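Data first, discussion second: the structure below is written as structure tokens.
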Amino acid sequence: MKKLTILVCLTAAICLLLVSAAVAQEPELPSTGLSTSVDLGYVSQYVWRGIPFNTDPVFQPSITVSHPSGFSFNLWGSMDSTNIAGKSGDLTEADYTLNYAWEAKGREMNAGLSRYTYPNTSDSSTSEVFMSMCLGGPLAATLSANYDFDEADGYYLSLGVGHDCATAWQKAPKLGLSAKLSYGSNKFVKYYYAGVDKSALTDVLFSASMPYTMKNGMTFTPNASYSMIINSDIKDAMKAAGEDRNNFFAGVTLSTSF
């Protein structure tokens, strides 16, 4: 039954991509102002803020509906593709995010609300408000703040940088490189990081991606990331809990918009 569930979900997602591509080739209809983007991701393991949620491959679909006013709504999910936790084919996370993006004095800003739910698991649902600001510069530095006001009652801060590099191959897409350093308050760290009750630099994430736009307008993006826990107390606690502190993971994402 579980294998049938994941097959149905994959088939439906692929059909949605094919339909959206066909729609994009039809004559333009009167615009409603809304735009939709669909991402189908497959990653070797699911690591979130340095924490390995699933050490086996997962399927992660996402759909975002945006309005020219700056508002958007995203639905994101994670589905186990193996039976490591006895949940092959089950949806184990579904996140709902309402976001508003705008510009202030030439800075790109966004803020919103996320609801994290964990169907088919014993984990408690929780909620965050967030805000981020692009600081600009040659590395496009971005500062973001997330506050979990539900279960953790703590905040998580991140400073990220990124840069697109030309590749050695002619006409090849650019290689996107990024890095992100994060800090958690004591309550946030205690809730998410193996019970360690202290504020600390939590994790650093290095990522690389190379998006390739296909003739039908879809984008195929291979990606790879390396995540490391920084704080020694968190490392020790995660080791004692049997969790990996350093994780390499890679995947591919197929995207389209209409």
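Worth saying up front: this structure is predicted, and the values here are computed from it rather than measured.
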For this session: Please work out which of the three classes, parallel, tilted or perpendicular, describes the rings of Phe53 and Tyr46, given edges at 30° and 60°.
Result: perpendicular
Exercise. To the nearest 0.5 Å, how far apart are OG in Ser69 and CH2 in Trp102?
Worked result: 12.5 Å
For this session: State whether Asp150 and Arg115 are salt-bridged, where the test is any N-O pair (Lys NZ or Arg NE/NH1/NH2 against Asp/Glu carboxylate O) under 4.0 Å.
Result: yes
For this session: For Asn231 and Ile234, indicate whether the former's side chain and the latter's backbone hold a donor-acceptor pair under 3.5 Å.
Result: yes
For this session: Mind listing the closest non-hydrogen atom pair of Met109 and Ala104 along with its distance?
Result: CG-CB, 4.1 Å
Exercise. Which atom names give the shortest non-hydrogen contact between Gly50 and Asn247, and what distance separates them?
Worked result: O-ND2, 4.2 Å
Problem set entry | Over 12 foreign heavy atoms within 6.0 Å of CD, Glu151 | yes
For this session: Measure from the side-chain N and O atoms of Asp90 to the backbone N and O of Thr92, and report whether any donor-acceptor pair falls under 3.5 Å.
Result: no
For this session: Specify the closest pair of heavy atoms between Ser78 and Leu91, including all atoms of both residues, with the distance to one decimal.
Result: O-CD1, 3.4 Å
Exercise. Are the side chain of Ser199 and the backbone of Ser185 linked by a donor-acceptor contact shorter than 3.5 Å?
Worked result: no
Problem set entry | Minimum-distance pair of heavy atoms, taken over all atoms of Ala179 and Phe206 | CB-CD2, 3.8 Å
Exercise. Would a 4.5 Å heavy-atom cut-off, applied to side chains only, mark Phe188 and Arg49 as touching?
Worked result: yes
Exercise. Do the non-hydrogen side-chain atoms of Asp153 and Tyr147 ever get within less than 4.5 Å of each other?
Worked result: yes
For this session: Begin from the C-alpha positions of Tyr193 and Asp203 and carry the test side-chain contact (heavy atoms from CB on, under 4.5 Å) through to its verdict.
Result: CA-CA 11 Å; Tyr193 294 89; Asp203 62 291; 3.6 Å; yes
For this session: For side-chain contact (heavy atoms from CB on, under 4.5 Å), just list the numbers for Asp80 and Asp56, CA-CA rounded to whole Å, side-chain angles, deciding distance to a tenth of an Å, and then say yes or no.
Result: CA-CA 8 Å; Asp80 290 10; Asp56 267 20; over 6 Å; no
Exercise. Going by distance alone, is a donor N or O of one side chain under 3.5 Å from an acceptor N or O of the other, for Ser62 and Asn74?
Worked result: yes
Seminar exercise, completed: Note: Ala237 and Ala194 closest approach over all heavy atoms is CB-CB, 3.6 Å
Exercise. Is the backbone of Gly160 close enough, under 3.5 Å, to the side chain of Thr142 for a donor and an acceptor to pair up by distance?
Worked result: no
Problem set entry | Co-membership, hydrophobic cluster, residues Met79 and Trp76, 4.5 Å side-chain | no
Exercise. Can you tell me if Asn223 uses its side chain to pair, donor with acceptor, with the backbone of Thr221 under 3.5 Å?
Worked result: yes
Exercise. In terms of hydrophobic clustering (I, L, V, M, F, W, Y; side-chain heavy atoms under 4.5 Å; direct or indirect links), are Leu205 and Phe248 co-clustered?
Worked result: no
For this session: Dump the intermediate steps for side-chain contact (heavy atoms from CB on, under 4.5 Å) on Tyr156 and Thr202, then the final yes or no.
Result: CA-CA 9 Å; Tyr156 181 83; Thr202 53; 3.5 Å; yes
Exercise. If we ignore angles and hydrogens, is there a donor and acceptor under 3.5 Å between the side chains of Asn110 and Ser132?
Worked result: yes
Exercise. Between atom CZ of Phe149 and atom CG of Leu113, what is the distance when rounded to the nearest 0.5 Å?
Worked result: 5.5 Å
Problem set entry | Linked, directly or transitively: Val38 and Phe73 (ILVMFWY side chains, under 4.5 Å) | yes
Problem set entry | Centroid separation Tyr100 to Phe71 less than 6.0 Å | yes
Exercise. Among the clusters formed by ILVMFWY side chains lying less than 4.5 Å apart, do Val252 and Val58 turn up in the same one?
Worked result: no
Problem set entry | Under 3.5 Å: donor-acceptor pair, side chain of Ser44, backbone of Ala250 | yes
Exercise. Should Leu181 and Ile230 count as side-chain neighbours, where that means a heavy-atom distance under 4.5 Å?
Worked result: yes
Exercise. At what distance, to the nearest 0.5 angstrom, does OG1 of Thr213 lie from CE of Met218?
Worked result: 12.0 Å
For this session: For the pair Tyr116 and Asp123, evaluate side-chain contact (heavy atoms from CB on, under 4.5 Å) and give the outcome as yes or no after the intermediate values.
Result: CA-CA 10 Å; Tyr116 302 97; Asp123 295 335; over 6 Å; no
Seminar exercise, completed: Besides Leu139, the hydrophobic cluster formed by Ile, Leu, Val, Met, Phe, Trp and Tyr side chains linked at under 4.5 Å, directly or via other members, contains Val161
Problem set entry | Between CG on residue Leu98 and OG on residue Ser72, distance to nearest 0.5 Å | 7.0 Å
Exercise. In terms of side-chain heavy atoms, does Ser255 have a donor or acceptor partner in Asp39 at a distance below 3.5 Å?
Worked result: yes
Seminar exercise, completed: What one should report as the nearest heavy-atom pair of Leu34 and His67 is CD2-CD2, 3.7 Å
Seminar exercise, completed: Rounding to 0.5 Å, atoms OG1 (Thr82) and CD (Gln45) come to a distance of 11.0 Å
Exercise. If you group Ile, Leu, Val, Met, Phe, Trp and Tyr by side-chain heavy-atom gaps below 4.5 Å, do Leu159 and Val189 land in one group?
Worked result: no
Exercise. Atom CE in Met210, atom NZ in Lys174: separation rounded to 0.5 Å?
Worked result: 12.0 Å
